[in-house]
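Both counts, for ligands and for their atoms, begin at 1 and track the order of listing.
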Amino acid sequence: MIYQLLPESPKSGPNHRRRFGSKAYCVAITSIVLYVVFVVLTGKAAETNRDGTIGSLNDSTAKDVSSSLVTDQSNQVLGHVENIVLLGERHSGTNWITQHLQDCFGSNIEVTPHYTRFKHWFQREELYKGAPNSVVVVALFRDPFDWVWAMKERPHHAHDHIGLPWLEFVTKPWMGKRGPHDRNITQMPGMKETVTCFSQFSFVEVMPCSKEDSPKVVGHADYKYELLHDGSERAYSSIIDLRKEKIENHLSTSSYNATRAFYPFRYEDLESNGTDLLLSLLKETTGIEPQCRSSKPKGTVKHKEVPQEYVSWMNKYIDWNVEARIGYFPRE
Ligand SMILES: *[C@@H]1O[C@H](CO)[C@@H](O)[C@H](O)[C@H]1NC(C)=O
Ligand SMILES: *[C@@H]1O[C@H](CO)[C@@H](O)[C@H](O)[C@H]1NC(C)=O
Ligand SMILES: *[C@@H]1O[C@H](CO)[C@@H](O)[C@H](O)[C@H]1NC(C)=O
Ligand SMILES: *[C@@H]1O[C@H](CO)[C@@H](O)[C@H](O)[C@H]1NC(C)=O
């Protein structure tokens with residue numbers, strides 16, 4: 001799998017090369033902090049130019065992606081792109097972009113906020129049953145200062161975090177309570193190990209597990225916390241630890257067998273620059289002409305007004321190495 005940063009920036013920063021198994025991973029954060037990665041599956045670790053990746057298209061065949069075969073330079077057939085998948089945490093613009101991409105591409109290809117699981121949750125490759133190289137992933141990320149603050153203002157699914165002052169919010173372990181149905185599960189021999197919870201999580205990965213223990217709160221959806229996904233049944237000690245692992249997890253979907261192409265975007269760039277770039281990338285990978293108007297650039301995005309102590313706290317405790325992979329940096 002070849003990753004390529006688009007577009008080339010004349011002032012591009014340092015490149016980091018990593019290897020995940022046999023897949024070459026190349027990331028560059030440009031000085032304009034636009035972070036876009038293009039992925040082509042080739043089965044070989046050779047350099048592949050993206051210009052050579054889409055074959056047998058003509059201007060009028062864009063209607064139906066299944067009419068086009070996508071090949072690499074050696075004409076290895078990659079098969080059809082079957083869907084465009086949106087991933088992203090709560091408050092990261094995923095509703096907006098899902099709706100937008102459904103308007104643009106939805107009459108020709110499935111656009112869905114589900115990959116191996118629903119868009120917000122930890123993804124797990126083994127759960128996906130689709131064909132290899134068939135999914136185009138758009139992963140959205142939001143500025144950490146704005147995102148944590150938005151989660152504080154409205155902690156979707158995280159009912160035990162509603163209404164907390166910021167310091168309590170960011171230092172409270174990311175967990176809820178188990179109810180009577182969950183307790184029953186723990187009391188039945190063998191049940192805890194075999195039961196399946198929402199989104200095919202296991203009992204030790206989420207809290208609560210039982211649907212009956214997961215009431216809805218108006219404006220905050222139902223009650224769901226993800227725990228560490230190491231089987232220990234321990235909770236993240238803070239929302240920022242959840243964020244770090246979620247970023248890593250969503251970035252890792254780029255190397256899934258089913259992933260044909262992977263486009264990470266910052267929410268702020270889509271707002272301020274509009275969606276032309278995103279649409280043209282998707283047009284190129286799927287061969288489908290977008291049937292919509294792109295969202296127009298809105299200029300600079302306003303950040304949330306937050307206390308200086310919060311900024312200092314975030315500067316100190318956020319994992320800035322992971323944030324740098326998606327183009328976010330500490331604030332002055
Ligand atoms: C485009 O390709 C399709 C399938 O190969 C063909 O039927 C159609 O006539 C072509 N259209 C044009 C304008 O070349
Ligand atoms: C991905 O593909 C490789 C090579 O075909 C295979 O060995 C591996 O089991 C696949 N991984 C998953 C999670 O399906
Ligand atoms: C828990 O199990 C007991 C015994 O089987 C049963 O009587 C009770 O209704 C169960 N409670 C819930 C909430 O399912
Ligand atoms: C996207 O928006 C950011 C923030 O407004 C800006 O700095 C950057 O230059 C823009 N990138 C492109 C490619 O237009």
Novice: Output yes when Lys304 and Glu153 qualify as a salt bridge under the 4.0 Å nitrogen-oxygen rule, no when they do not.
Specialist: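 Here Lys304 pairs with Glu153 in a salt bridge, since their nearest N and O are under 4.0 Å apart.
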Novice: Flag this pair as yes if the NZ/CZ of Lys316 is under 6.0 angstrom from the six-membered ring centre of Trp313 and inside a 45 degree cone about the axis; otherwise no.
Specialist: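 Here Lys316 fails the 6.0 Å and 45° test against Trp313.
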Novice: Might you list the protein residues in contact with ligand 3, defined as having a heavy atom under 4.0 Å from one of its atoms, sorted by chain and number?
Specialist: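 Under the 4.0 Å cut-off, ligand 3 touches Pro180, His181, Asn184.
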Novice: Test the Lys224-Phe198 pair against the cation-pi criterion, namely NZ or CZ under 6.0 angstrom from the six-membered ring centroid and within 45° of the ring axis.
Specialist: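 Judged by the rule, Lys224 and Phe198 form a cation-pi pair.
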Novice: Could you measure the distance from the CG atom of Leu282 to the CG atom of Leu279? Nearest 0.5 Å is fine.
Specialist: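 Between Leu282 CG and Leu279 CG, I get 6.5 Å after rounding to 0.5 Å.
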Novice: Describe, in one word, how the ring planes of His161 and Tyr225 are oriented to each other, choosing from parallel (under 30°), tilted (30 to 60°) and perpendicular (over 60°).
Specialist: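 Rings of His161 and Tyr225: tilted, as their planes differ by 30° to 60°.
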Novice: Any chance the side chains of Glu268 and Tyr328 put a donor and an acceptor closer than 3.5 Å?
Specialist: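 Note: Glu268 and Tyr328 side chains meet the donor-acceptor criterion.
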Novice: Decide yes or no on ring-ring contact (aromatic ring centres under 6.0 Å, His included) for Tyr115 and Tyr128, but give the supporting numbers first.
Specialist: CA-CA 7 Å; Tyr115 192 2; Tyr128 194 71; 5.0 Å; yes
Novice: Within ligand 2, which atoms have a heavy atom of Glu125 less than 4.0 Å away?
Specialist: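 Near Glu125, meaning under 4.0 Å from one of its heavy atoms, ligand 2 has 13 (C).
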Novice: Could you list which atoms of ligand 2 come closer than 4.0 Å to a heavy atom of Asn257?
Specialist: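 It comes down to these atoms of ligand 2: 1 (C), 2 (O), 3 (C), 8 (C), 10 (C), 11 (N), 12 (C), 14 (O).
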